[in-house]
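First comes the structure, then the notes that go with it.
Throughout, a chain's letter reflects where its sequence line sits, starting with A, and its residues are numbered from 1.
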2 protein chains.
Amino acid sequence: SMNPDLASERQTASFSVEKLTALLDGSTEQTRIRRAVVEAIESDPVFSRENQYFQTQNERYEAAVRKAVHLQKKMHEMGWTENGPEYKYIYRALSGDVAFLLHRVFMRSISVLGSDKQIAKWIPLATQHKLIGSYAQTELGHGTYLQGLETTAVFDTATQEFILNTPKISAMKWWPGDMGRSATHSVVFAQLYIHGKCYGIHPFIVQIRSLQDHSLCPGITAGDIGPKMNFEHIDNGYLLLKNVRIPRENMLSKFCEVQPDGTYVRQGSQQINYFTMTTVRISLISDEVLTPLMKACTIAIRYSVVRRQSKLKPGEQEAKILDYQTQQEKLLPQLAAAYAFHFINDYLQELFNRGYREIQRKNFDMLPELHALSSGFKAIITQHCTAGVDICLRACGGHGYSLLSGLPSLYTKIVASCIYEGENTILLLQTARFLIKCFMAASAGQPVPPSVTYLAAVKHGNCPAKNKFDFLSPDIYTEAYQHVAARLTSSTAAKLQDLIQSGVKKHDAWNQCTVQLVQAAKAHCHYIAVKNFAETVEKLETKAGIQKIMKHLCDLFALHGIFSNTGAFLHDGYTSAAQMDMVTASYLDLLAVIRKDAVPLVDAFDFTDKSLNSALGSYDGQVYQRLYEWAQKSPTNQMSPAYERYLKPLLHNMLSKL
Amino acid sequence: SMNPDLASERQTASFSVEKLTALLDGSTEQTRIRRAVVEAIESDPVFSRENQYFQTQNERYEAAVRKAVHLQKKMHEMGWTENGPEYKYIYRALSGDVAFLLHRVFMRSISVLGSDKQIAKWIPLATQHKLIGSYAQTELGHGTYLQGLETTAVFDTATQEFILNTPKISAMKWWPGDMGRSATHSVVFAQLYIHGKCYGIHPFIVQIRSLQDHSLCPGITAGDIGPKMNFEHIDNGYLLLKNVRIPRENMLSKFCEVQPDGTYVRQGSQQINYFTMTTVRISLISDEVLTPLMKACTIAIRYSVVRRQSKLKPGEQEAKILDYQTQQEKLLPQLAAAYAFHFINDYLQELFNRGYREIQRKNFDMLPELHALSSGFKAIITQHCTAGVDICLRACGGHGYSLLSGLPSLYTKIVASCIYEGENTILLLQTARFLIKCFMAASAGQPVPPSVTYLAAVKHGNCPAKNKFDFLSPDIYTEAYQHVAARLTSSTAAKLQDLIQSGVKKHDAWNQCTVQLVQAAKAHCHYIAVKNFAETVEKLETKAGIQKIMKHLCDLFALHGIFSNTGAFLHDGYTSAAQMDMVTASYLDLLAVIRKDAVPLVDAFDFTDKSLNSALGSYDGQVYQRLYEWAQKSPTNQMSPAYERYLKPLLHNMLSKL
């Protein structure tokens with residue numbers, strides 16, 4: 001029973017959906033493996049998310065724990081291993097709705113920061129799930145500023161132990177996942193004190209709960225931080241430490257060690273720590289940010305071709321809402337962004353792999369560029385994708401606002417990505433600091449990393465476009481983006497210099513430039529994203545219509561960015577007002593072109609109905625039936641005892657007495 | 001135990017907070033009355049919202065019903081009446097967390113659309129709460145396009161009844177508040193058929209549930225539509241009608257009547273129907289849109305002066321996060337917008353009252369302007385305020401993401417205002433239609449309403465500002481806004497004309513211009529908002545520092561709008577790039593100025609801790625204590641039976657067996 005309004009959209013695809021899916025997956029073989037994982041997970045009732053929108057926070061947590069335990073069996077049963085090709089698809093197939101995610105972070109920290117002896121002791125225990133690990137860094141009073149953490153670890157030479165304390169309420173660990181009710185152990189970050197001297201932040205392994213009865217260990221107070229905007233399935237927790245003693249061997253000591261007499265020995269580079277953060281930022285983009293935007297696009301675009309409302313022409317049938325220009329202008333740029341960011345994710349992964357190889361060869365030269373790009377892209381991708389999901393939600397009107405559409409939970413979850421793993425503004429300022437540094441170096445004729453060489457050669461020409469078709473040339477728009485990014489960086493660098501030369505102190509001057517520095521960092525990343533999309537399209541094979549449709553999306557992504565931010569391009573006259581009108585014309589033309597392939601373009605994301613879990617976005621487009629069927633299952637329609645016993649008589653009473 | 005970081009902010013206020021509160025309320029007497037209502041409501045435990053963030057949808061609904069019933073007693077006890085001066089403060093004091101809100105819409109529809117006889121019969125029953133009314137317009141398949149509603153009411157001459165049906169699944173009524181479990185009656189909109197001929201949409205009073213035992217009446221299927229992004233306290237419902245018969249007298253018949261023989265008689269004007277919609281759109285701005293933004297600003301700004309993170313200068317104490325320019329740039333424009341929209345709300349109320357007086361004198365001339373302004377402002381205010389609440393939430397980092405901050409529920413509720421009572425894009429296009437019509441009329445030398453006379457005289461000069469201080473002159477920036485609004489309207493009108501002259505059909509041409517029409521409508525409303533703010537400031541008394549700080553906020557509101565949308569001002573060269581740099585400089589300067597008064601400016605909104613219900617925004621700024629205390633009360637820390645019985649052993653099992 002395919003909705004005919006949806007079926008008709010699929011008949012006219014200009015390209016092979018299956019080929020595009022394989023391109024997104026990396027190969028047809030990858031697509032096959034992914035589908036097999038999805039099939040195995042979705043056919044197992046323990047992993048069902050069917051009742052998710054009806055569950056309380058406790059029920060969500062309990063289900064997530066059951067799933068995590070069941071997943072171990074499932075993996076064994078299916079022969080999936082952590083190093084196998086299936087592994088990376090499991091999390092996506094579960095839609096992230098599973099417990100013990102911090103267990104992996106716990107293991108990764110030990111692998112990266114622990115000595116060989118520590119790795120040999122803890123990793124097998126963790127791998128065999130003889131403990132459940134968490135990672136306790138953030139405190140009530142400190143998130144982004146790690147140096148300000150207030151938890152202390154004082155070395156006691158007499159007993160060869162560290163004594164851990166959270167001496168103030170603001171020192172309490174807050175937010176660690178799996179901490180509220182699950183974890184037995186945690187890596188805890190604390191200020192190290194030896195003989196009264198502070199040596200800064202170090203990681204310690206601390207046992208939180210008994211392995212016998214799961215009760216809290218002596219000196220430990222821990223619990224759940226309560227309701228959040230989403231992440232009901234995770235027991236984000238708090239942790240208070242009162243004179244908790246751990247052996248000297250529990251300080252992770254690959255880079256720093258406290259010897260029995262209290263001698264502090266630092267060895268190796270601390271820079272590698274930042275590399276771990278870089279890994280996390282890059283790895284979250286795909287699962288936590290792109291997937292939700294792709295799902296939201298799928299839901300909103302499918303809904304927009306089965307929803308008919310009002311008439312485009314008098315006397316005709318009501319129109320599909322996707323035929324309205326305003327609806328196209330909401331949704332299609334989000335679709336283009338999803339593809340743009342998919343390809344930039346490939347770019348970042350490749351850069352990361354290259355960087356990792358260099359680091360293994362003890363060459364740390366790529367670290368600053370990698371840090372700047374991973375920070376900046378984490379920020380702009382999370383911000384764009386969050387805005388995109390929000391637009392998709394609102395574009396579905398009232399039905400989008402129902403939890404049953406799936407869109408509210410996509411939004412409330414993705415918005416957290418703007419905050420966690422580095423708050424976006426802070427990250428963009430780190431990218432900006434790199435840009436300013438490179439701009440200064442480049443201006444002084446020094447060499448700079450490849451992604452910023454363009455800063456050295458700010459061109460003073462104007463955009464050469466003569467008509468609206470010229471703006472479908474990647475050279476034209478990529479150069480415009482480059483020009484804007486270079487101008488914003490150089491003008492902010494100049495402002496910074498002027499302030500300092502006029503006597504403003506360096507730190508004040510920096511603060512007074514931060515709004516503009518953020519703009520420069522965004523422009524830089526936006527430029528790289530456009531350039532990368534254009535270069536990716538260039539390399540695609542021309543068969544099966546793939547390159548053609550990707551070229552349209554690339555154009556749309558680029559022109560939408562100009563159309564939404566015309567001032568940056570007009571400011572110094574690089575683009576004239578007449579050219580801006582050409583941009584607008586080409587941009588609006590493209591909407592109508594891409595609209596024709598909108599449904600095939602979201603079909604290519606290849607989400608199953610179960611993974612979308614949406615009454616609006618199903619493959620068959622039976623929207624109204626599904627909304628009605630689901631609503632009937634809601635606990636609000638299974639009257640609670642309070643309603644029956646208390647409220648119904650009260651209503652009746654009220655009616656007769658008042 | 002006032003947090004000293006918060007106390008210090010209050011000591012340096014440049015104006016009298018109490019005087020500003022009185023200005024916002026309208027008078028010191030109004031402030032007194034409001035506070036008395038707040039005090040009476042908040043001291044009554046039945047109205048407590050303390051556990052709100054921990055409750056399920058069923059618990060929220062049940063509490064809201066209890067509150068609604070209790071409110072009747074309270075009003076009687078306090079001597080408050082629906083016509084008394086206290087009434088308008090009750091809803092705000094309850095933070096809208098109460099049931100039976102549609103009961104008033106039910107009554108209003110009968111008052112406006114019913115005959116004298118119908119009013120005499122139904123209004124006393126409703127006033128005495130002998131029934132609970134709802135209002136059923138929206139269907140699964142139709143929201144904005146009322147002509148498309150599919151519910152039918154067929155007149156049966158033999159029995160003198162209407163037979164009501166929802167013939168298709170898409171005809172099912174969907175979303176009506178109080179319908180899911182509470183209402184006994186509803187005004188139902190249906191297509192009227194007499195002798196096989198359709199007469200369009202008409203309102204009918206239909207009984208839904210028994211007044212004896214509250215069971216559903218024959219032919220009625222009704223229930224709750226399930227979980228939503230917010231509004232857990234409201235039982236938004238669905239309604240299926242199968243051959244439900246109601247007497248002829250139940251069609252609301254002030255304007256249209258069906259006589260016993262089936263003769264259809266229309267009398268009076270239908271235009272007044274739109275006026276009801278206008279009323280609703282204007283009335284929701286204050287309670288549903290401005291109050292949430294003001295609360296979000298209060299929470300985020302208070303938090304930003306007690307949260308210290310990182311150092312502005314090396315060696316110093318960690319800085320209050322509000323001292324960072326980027327944090328100021330997030331929050332202070334939202335504060336300025338809250339004030340700007342407060343004053344535009346006054347303007348709209350006054351316009352509405354004037355319009356209402358004219359209508360009573362049978363003069364409908366003001367209706368088009370009133371419709372255009374109420375539509376446009378409903379759209380831009382809900383959009384700005386929703387974005388503002390979102391910015392406040394993210395600006396509080398992880399703690400903002402906790403439900404205990406109060407910010408997530410403010411966001412998930414206010415975002416609905418962009419959708420209900422007219423979806424924003426649809427509304428902006430109605431404003432745009434009015435603008436185009438007036439522009440054509442003005443170009444032809446015909447008279448147009450006062451708010452659009454400026455369209456007649458598009459000036460071709462340039463912005464005369466010579467330095468950054470000139471941009472603190474309301475004449476300079478108001479004129480710039482006016483220029484942009486006029487330019488966008490005239491250029492879109494020209495595009496529309498060109499398309500039609502080149503042979504594109506009128507409706508297609510309109511659709512091809514809608515993205516730009518929306519821009520024009522927004523620019524028009526933004527211009528009026530800036531102009532109104534500047535005129536309001538002009539009229540304020542200069543005493544007690546009020547005018548001075550309001551002038552700063554007005555400047556900030558105006559310059560933020562330019563800074564965020566530079567392209568519109570640069571496009572035709574009205575503002576030069578050099579002038580735009582002056583705007584930026586003045587804008588950034590203003591942030592530092594207003595930052596000093598930020599806390600007093602939110603204190604003036606005069607929210608109590610109970611009404612904010614926020615662990616971050618309390619008057620005393622004891623943020624961390626409150627987060628910890630509240631988290632401990634969470635149901636996630638009162639282990640559920642499932643956890644204790646099933647999961648704890650499972651975890652233990654897992655640890656020992658795997």
Side-chain angles (χ1 to χ4, degrees), chain A residues 53 56-58 62 65 69 128-130 140 143 145 169-170 175 211 214 223-229 309-310 312-313 325-326 329 394 397-398 401-404 408 416 418-419 423 425 507 511 514-515 566-567 570-572 577 624 631 634 636-637 640 642 647-648 650-652 654-655 658, chain B residues 53 56-58 62 65 69 128-130 140 143 145 169-170 175 211 214 223-229 309-310 312-313 318 325-326 329 394 397-398 401-404 408 416 418-419 423 425 507 511 514-515 566-567 570-572 577 624 631 634 636-637 640 642 647-648 651-652 654-655 658:
Chain A
Y53 305 127
T56 65
Q57 191 177 356
N58 276 339
E62 290 161 11
V65 171
V69 174
Q128 296 160 50
H129 290 86
K130 297 212 163 153
L140 254 181
Y145 185 60
I169 187 164
S170 54
W175 280 110
L211 292 176
H214 213 248
D224 189 285
I225 63 164
K228 301 143 293 184
M229 208 169 174
Q309 199 78 182
S310 200
L312 263 172
K313 286 165 205 170
Q325 190 190 48
T326 47
E329 214 266 324
R394 297 193 207 179
Y401 189 76
S402 165
L403 287 202
L404 306 179
C418 297
I419 300 165
E423 192 275 332
T425 304
H507 291 85
N511 191 26
T514 45
V515 167
T566 57
L570 287 167
H571 188 278
D572 63 351
Y624 300 139
S634 167
T636 52
N637 285 317
S640 70
L647 288 176
K648 235 169 115 172
L650 190 76
L651 285 169
H652 181 54
M654 173 178 151
L655 298 173
L658 272 166
Chain B
Y53 305 129
T56 65
Q57 191 177 357
N58 275 339
E62 289 160 12
V65 170
V69 175
Q128 296 160 50
H129 290 84
K130 298 211 163 155
L140 255 181
Y145 185 60
I169 187 164
S170 53
W175 279 109
L211 292 177
H214 213 248
D224 190 284
I225 63 165
K228 301 145 291 185
M229 208 169 175
Q309 199 77 180
S310 199
L312 262 172
K313 286 163 207 174
E318 288 187 64
Q325 189 189 49
T326 46
E329 214 265 324
R394 298 192 208 180
Y401 189 77
S402 163
L403 287 202
L404 306 178
C418 297
I419 300 166
E423 193 276 333
T425 304
H507 291 86
N511 191 26
T514 46
V515 167
T566 55
L570 287 166
H571 189 277
D572 63 351
Y624 300 139
S634 167
T636 52
N637 285 316
S640 70
L647 289 177
K648 236 169 110 170
L651 285 171
H652 181 55
M654 173 177 153
L655 298 174
L658 271 167

_Contact summary for A/Gln309 and B/Tyr145, nearest pair of heavy atoms_ = OE1-N, 3.2 Å
*Starting at OH of B/Tyr401, measure out to NZ of A/Lys228 and round the result to the nearest 0.5 Å.*
8.0 Å
*Just give me the residue among A/Gly397, A/Ala577, A/Ser634 that pairs up with chain B most often, heavy atom to heavy atom, under 4.5 Å.*
A/Ala577
*Which portion of A/Glu423 sits near chain B, non-hydrogen atoms under 4.5 angstrom*: side chain
*asked:* With chain A as the partner, which of B/Ile169, B/Val515, B/Leu404 has the greatest number of non-hydrogen pairs under 4.5 Å?
replied: B/Val515
*Between B/Ile419 and chain A, which part of the residue has a heavy atom less than 4.5 Å away: side chain, backbone, both or neither?*
side chain
*chain A heavy atoms under 4.5 Å from B/Ser402: which part of the residue, side chain, backbone, both or neither?*
both
_If I measure from the heavy atoms of chain A, does B/Thr636 come under 4.5 Å with its side chain, its backbone, both, or neither?_
both
_Tell me which of these, B/Gly398, B/Ser170, B/Gly226, has more heavy-atom pairs under 4.5 Å with chain A than the rest._
B/Gly398
*Any sub-3.5 Å donor-acceptor pair from A/Asp224's side-chain atoms to B/Asn637's backbone N or O?*
no
*chain A contacts, top residue of B/Ser310, B/Pro227, B/Gly223 (heavy-atom pairs, under 4.5 Å)*: B/Pro227
_Exercise: identify the closest heavy-atom pair between A/Cys418 and B/Arg394_ = SG-NH1, 3.6 Å
*Highest number of heavy-atom pairs under 4.5 Å with chain A: which of B/Asp572, B/Leu312, B/Thr56?*
B/Leu312
*Taking it one step at a time, do B/Asn511 and A/Gln325 satisfy side-chain contact (heavy atoms from CB on, under 4.5 Å)?*
CA-CA 6 Å; B/Asn511 191 26; A/Gln325 190 190 48; 3.7 Å; yes
_Per-residue contact mode, A/Thr566 against chain B (heavy atom under 4.5 angstrom)_ = both
_Options A/Ile225, A/Thr514, A/Thr425, ranked by heavy-atom pairs under 4.5 Å with chain B, top entry_ = A/Thr514
*Heavy-atom distances under 4.5 Å only: say whether B/Leu140 touches chain A with side chain, backbone, both or neither.*
both
